[in-house]
Amino acid sequence: MRKQRHKIYGNCPVEAAMDIISGKWKVVLLFHIMDGTKRFNELGRLLPGLTQRMLTNQLRELEADGVIARTVYPEVPPKVEYSMTPFGMTLEPLLKALWVWSEHHVKPRLAAEE
């Protein structure tokens, strides 16, 4: 697990959760990986606005926190796959709830602005 920002989170467990999943791309990456194992380049294609460096950093942090697993296959060229760990799968209800909320509330607002 990477170093937490704080040693004690006081009375706000949400802060502890956000310490793990915060980052511009982490939740989106988790949503795609939750759908099934993904390769590095596949994730890059799913998120064209994400630089390769940022993708690497976000994946490393999620791996360090035990949310995703990284599997390297001894091939040339190297094959690397990312999948959810059992700990990461505990985020599934939260990610699905965000998707439903966005479909019902954000998407209609964006459509109304067009």
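- For the atom pair NZ (K26) and CG (L91), the distance works out to 11.5 Å, reported to the nearest 0.5 Å.
- Through chains of ILVMFWY side-chain contacts below 4.5 Å, V106 is grouped with W101, L110.
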Counting only pairs under 3.5 Å, give me each side-chain donor-acceptor contact of residues 72-86, with atom names and distances, residues two or more places apart or in other chains.
unit_1 : atom_1 : unit_2 : atom_2 : d
Y73    : OH     : E81    : OE1    : 3.0
Y82    : OH     : R70    : NE     : 3.3
T85    : OG1    : G66    : O      : 2.6
T85    : OG1    : V67    : O      : 3.1
T85    : OG1    : F87    : N      : 3.4
T85    : OG1    : G88    : N      : 2.9

Exercise answer: donor-acceptor pairs, residues 27-45 side-chain atoms, under 3.5 Å, sequence neighbours excluded:
unit_1 : atom_1 : unit_2 : atom_2 : d
K38    : NZ     : H32    : O      : 3.1
K38    : NZ     : G36    : O      : 3.2
E42    : OE1    : R39    : N      : 3.3

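- Listed here is the closest heavy atom pair of S102 and P108: O-CD, 4.2 Å.
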Side chains of residues 46-57: which donor-acceptor partners sit under 3.5 Å, not counting sequence neighbours?
unit_1 : atom_1 : unit_2 : atom_2 : d
T51    : OG1    : M54    : N      : 3.1
T56    : OG1    : Q52    : O      : 2.9
N57    : ND2    : R53    : O      : 3.4

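- Here the shortest heavy-atom pairing between R109 and H105 reads CG-O, 3.1 Å.
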